[in-house]
Every structure is written in C-alpha cells, then in structure tokens.
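See below for the structure under consideration.
Each chain gets a letter, A, B and so on, in the order its sequence line appears, and its residues count up from 1.
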2 protein chains.
Amino acid sequence: MAKALREPKDTSAQAIARLREAGLRPTRQRVELAGVLFQSGDRHVTAESLHDEVAQTGVKVSLATVYNTLHQFTEAGLLRQVIVDAARSYFDTNTGDHQHFFVEKEGLLIDIPGESIAVAGVPAPPAGLSVDRVDVVVRVRRN
Amino acid sequence: MAKALREPKDTSAQAIARLREAGLRPTRQRVELAGVLFQSGDRHVTAESLHDEVAQTGVKVSLATVYNTLHQFTEAGLLRQVIVDAARSYFDTNTGDHQHFFVEKEGLLIDIPGESIAVAGVPAPPAGLSVDRVDVVVRVRRN
DNA sequence: CTCACAGTTTAGAATGGTTCTAATTCGTTG
DNA sequence: CAACGAATTAGAACCATTCTAAACTGTGAG
C-alpha cells in the first residue's frame, strides 16, 4: 500500500484534478491527452506526434481536438509553445524557465535548464514596447 | 561627380556585382529583388511582403520566384532566415552576428546588435551534437 | 553576332500543417 | 433525469510554401 503503480484510475484522477484546477472540463479526450502528456517527465510534442501516440493507446481523439486541446492547455499554462521550426509547432510540458537545444534534421528538442543559461546585455526595447520573454534556441547538428 | 544618386543603373550595377560574387546568374528578377533588398540598410521581409513591394515598383516577379530567390540568397549567405513565427518565415538582410526583438502582433522584427548581447552558460550539447548557432528572440509587446 | 543549352521563371496545381464549420455528443447543474 | 452550454468531430477550408512541367533567357562557343 505504499506508492501505487500508475494504474489508469490513478493517472486519470491526477489528470482530472489537473484539468479542474486549470478550469477545464475533464472530458474523456482531455483526460486522455493530459494523461499521456503529464504522466512522464518533461516532454515535447507536436499535434501530430501526440495524435499518433494517443491513437496507439487505442483511444480515438480527432486531430482537431488535439489541436484545440493543445491550445487550451497552453492558454491555461499547462503547456508552453516552442517556435523553432517553420514547418510545425512544438508544445513543451515544461512550463518553467528554460531554453532548448534543437536538432532540426530530427525535429528533436532538448531542454536546457533555466538556471544554467544567462542572457546579458539585452537592450531596453524601443519605446512603447516591453519584454514578454526571452527565448534562446541553440541549434545543433549531428557531427 | 561626388557620390552618385541611386539611379537605377547604379543600383543594378551593384546588385549585379553582388549576384556575380555570390555565384548567381544576374537575371532580371534577381537583380530587381536584390536591388530592393540591399539598397537600403538592414531589412526584414517575408516572401509576401517582398513580392508586394516589388510588384509596386511595376516589375513582375512571380511569387514562386520570390521564394526561390529568397532561398538562393540565403544559401549564398546574402540573407539569413529568421524563425520567430509559426505562421510565416522572415528573411533578414543583416547576416552578421545579431539577435532580434519580435513584436508578434505586428510581425515586426527589430535588430539587436550582436555585441550588446551575450549568452552565457550554454551547456555542452549531448554527445554527437555540435552547436550550429545560438538564436535569441526577445519577444515584446506594445504597452 | 547567333545558336544552343543549361539555368531560370512561371502559372497553376499540389502539399501539409493548422483552423474552421456545422452537426453531433457529452458534462454538468438544477 | 432533463436540458443547455460546452466539447468533439469529420471533413472542408485555409494559407504559406513547394512542386511541376512548360516557356523563356543568360551566356559562352563558334
């Protein structure tokens, strides 16, 4: 009776709680997606990769819903959108302060902890503008 | 006979020279696009904005050619592609070391000189990967 | 100067990720 | 459990970008 295995019920319960806190109605699809996204540690997904992944668990969620959900989760602060590729959008379950390595050829994102990296010397933005956030993308390639 | 005005002939000559140096055949379209792009100082364009701009000078260049040319110029090192927006690609005539402010709502890019900004603490990339370049995007919004 | 050919341009079709639409289904509250 | 607003969905629509195949144009040879 120590820490329970990650049974479906358990995972769902956590997902439902998370959704409720975020003010999102816990529908079957959202619970399922939240389960996949937040079960393991930090993850980076695209709409399509998530759609495929969920499909493989046997649950049916339309691509439109995946897109809707990804955006809702982002608005709710559960996800963060990462723009590194002109071709597709990535979503990151790590919403804290951090940056990324990006392997373009493979579409692979790797977190860089926020504490380790520092950007100095950012000039004050032109009048009338204020800084929203600073994104650093370290583009890397296979040797 | 001091510095000449920027007459068409003059501009074209410069553009042609630039193209030749880059190993690109100076066609009417490329000369025209290079003229628009490199005449004034640093510029940020999208395929569509450049297409519109050139169209207004009365020259006819197809959108496909604008895309082709933008990519050829980029490969030739005359332009640099800037990825800040999931919706469209920007191209920057400033190919030197520098970063950007980005006003998402307006699709506006503003250069930050490379000397003023410094990124410290970038960890070594995982084995097998090497750093290609580090992009910093300071996302700003209108007050 | 002219020819011929590789390199370019082009209109329009095709692509691919994302968003929209309108109808159906589902959660929640009373 | 009824009923209403919210969510889901299939498929159409969108839009930036790329592709295709045909027409055109620099350029270097002769």
At less than 4.0 Å, is any side-chain N or O atom of Y67(A) found next to OP1 or OP2 of dT18(C)? Yes or no. yes
Residue whose nearest DNA chain C nucleotide is more 5′ - L24(B) or L63(B): L24(B)
Any chance the side chains of S89(B) and Q81(B) put a donor and an acceptor closer than 3.5 Å? yes
In whole angstrom, give the distance that lies between atom CD of Q81(A) and atom P of dG17(C). 15 Å
What is the distance, to the nearest angstrom, from the CD atom on E32(B) to the P atom on dT25(D)? 16 Å
Regarding H71(A), tell me which of base, sugar-phosphate or nothing describes its non-hydrogen contacts under 4.0 Å with the strands shown. sugar-phosphate
5' precedence on DNA chain C between V66(B) and A47(A) (nearest-nucleotide basis): V66(B)
Please report the distance, rounded to the nearest Å, between CZ in R88(B) and C1' in dT18(C). 14 Å
When the distance from CD of E75(A) to P of dA7(D) is rounded to whole Å, what number comes out? 11 Å
Separation of dG17(C) atom P from N68(A) atom CG, nearest Å, is 18 Å
Please work out if S89(B) contacts a base, only the sugar-phosphate, or nothing of the nucleic acid, heavy-atom cut-off 4.0 Å. sugar-phosphate
Donor-acceptor check, side chain of Q14(A) to backbone of G35(A), threshold 3.5 angstrom: yes or no? no
Assess the side chains of D92(A) and H100(A): does a donor N or O sit below 3.5 Å from an acceptor N or O? yes
Spacing between L70(B) atom CG and dT8(C) atom C1', to the nearest angstrom: 16 Å
Strictly by modelled atom types, are D111(A) and H44(A) linked by a side-chain donor-acceptor pair under 3.5 Å? yes
Quick one: is dT10(C) close enough that its OP1 or OP2 comes under 4.0 Å of any side-chain N or O from Q29(B)? yes
Distance test, side-chain N/O of R25(B) to OP1/OP2 of dT25(D), below 4.0 Å: no
Distance below 4.0 Å between R28(B) side-chain N/O and dT25(D) OP1 or OP2: no
Looking only at side-chain N and O atoms, does S62(B) come under 4.0 Å of OP1 or OP2 in dT10(C)? yes
In whole angstrom, give the distance that lies between atom CZ of R30(A) and atom C1' of dT9(D). 14 Å
Could you check whether A86(A) gets within reach of a base, just the sugar-phosphate, or nothing at all, counting any heavy atom under 4.0 Å? nothing
Without decimals, in angstroms, what is the distance between F73(A) CZ and dA7(D) C1'? 12 Å
With a 4.0 Å cut-off on heavy atoms, is T27(A) in touch with a base, just the backbone sugar-phosphate, or nothing at all? sugar-phosphate
Provide the closest heavy-atom pair for F38(A) versus L78(A) in the form atom of the first, atom of the second, distance. CE2-O, 3.6 Å
Report the residue (A64(B) or A87(B)) whose heavy-atom-nearest nucleotide on DNA chain D is the more 5′ of the two. A87(B)
